[in-house]
Amino acid sequence: MDGKQHRLFIIGVSVGPVAGLVVAMTLLWNRAFGLSDLVSLVVMYAVAGIGISTGFHRLLAHRSFKTHRPVRDALAVAGTVAGQGPAIIWAAHHRRHHRMSDREGDPHSPYFYGGHGRIAVLRGLWHAHLGWLLDENLSSDPIRYCPDLVRDRHLRWISEHFVLIMLLGLVAPAGIGFAVSGGEPMAAFTGFVWGGLVRLFLLSHLTYAVNSIGHFAGRRRFSTADESRNIGWLAIPSFGDSWHNNHHAFPRSASHGFRWYEADLSALFIRLLVRTGLAWDPVRIDRDRIELRAAGLSRVGGGRHAPAQPPAPLAERRRTRAAANADPGDIE
Ligand SMILES: [Zn+2]
Ligand SMILES: [Zn+2]
């Protein structure tokens, strides 16, 4: 498989199941899937997705804007509904990812097994997508990576009760379906399936795709020390987080889409919060700075169509536990 075939394969296996699901939803319309299920799916997807992208990622992990405590708590709860683990642990892993991106100690680099050969590439993509979460020895010390979040009593409570909150997020669409239908048990069941389970599946994989495909296939505007990529087709379902090369170039920016056509729903949501006085001080990157950094790319190599090259350190050496204890610095 060459680079282009790999790319087509990855797009196929990631978009294929979603397309199949859309077909199933069409065929099952008004039988095991109806308008209230669709609304439930979209609304719950949006709540959990904004919770992950705006809450966990931009607010907690990167401090891209400031907000009132109740808003921050609400975003942390919404992110917890997505079922991606406790908020503080999520942020610790993510800050570590930025600190050691595609190098030893990165919790989810697709170059974990090196970057050459079909098997190594597929194993690496699986590791970056989901496999890293199955590694029971993996831990990113929250006290080391996000002491600011650990100090917060509310965030600790939300993190400690993440299973309960996630389960409530599964049960809520069932309850709403039951109420809206006037007490039909079948509506409660389909609400649970579509607003709960299917939503959980879709958001998980589309978020994890930023970790796997987002460091493998896509365009590079900026020369960064990692292999981060921008993926246009993932922009809407990832709420803008798939402008991942932009993000690695300017990690604290509240906006991940830098051009008018780079859809970024999280950035729009943050703008709405600022307009309504619920948030302030979003981190904005000067347009000149962005263009200068992008222009510098042509002089230092890489490029918009740069092939995926595994960075040498990770390709040559397996991750060591000691790397996890390195000083995280102030990169978030
Ligand atoms: Zn990344
Ligand atoms: Zn990030």
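Being a predicted model, the structure only gives us computed values, none of them experimental. Just so you know, ligand 1 is whichever comes first in the structure, and atom 1 is the first atom listed for that ligand.
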The Zn ion (ligand 2) reached by His57 (N, O or S, under 2.8 Å)
yes

On the six-membered ring of Phe250, is Arg293 placed so that its NZ or CZ lies under 6.0 angstrom from the centre and within 45° of the ring axis?
yes

So Glu262 and Arg221, do their side chains get closer than 4.5 Å, heavy atoms only?
yes

With the Zn ion (ligand 1) as the reference point, give the N/O/S atom of His215 that is nearest.
NE2

Does the Lys NZ or Arg CZ of Arg123 fall within the cation-pi geometry relative to Tyr113 - under 6.0 Å from the ring centre and within 45° of the axis?
yes

Tell me whether the Zn ion (ligand 1) has His248 as a neighbour, meaning an N, O or S atom of it below 2.8 Å.
yes

Strictly under 6.0 Å, is that where the ring centroids of His247 and His62 end up?
yes

Is the Zn ion (ligand 1) less than 2.8 Å from an N/O/S atom of His98, whether that atom is in the backbone or a side chain?
no

Looking only at N, O or S atoms in His244, which is nearest to the Zn ion (ligand 1)?
NE2

Would His256 and Trp243 count as a close aromatic pair, with their ring centres under 6.0 Å?
no

Output yes when a side-chain donor or acceptor of Ser238 lies under 3.5 Å from a complementary backbone atom of Ser242, and no otherwise.
yes

Please determine if the Zn ion (ligand 2) has an N/O/S atom from His94 lying under 2.8 Å away.
yes

When you measure from the Zn ion (ligand 2) to each N, O or S atom of His62, which atom gives the shortest distance?
NE2

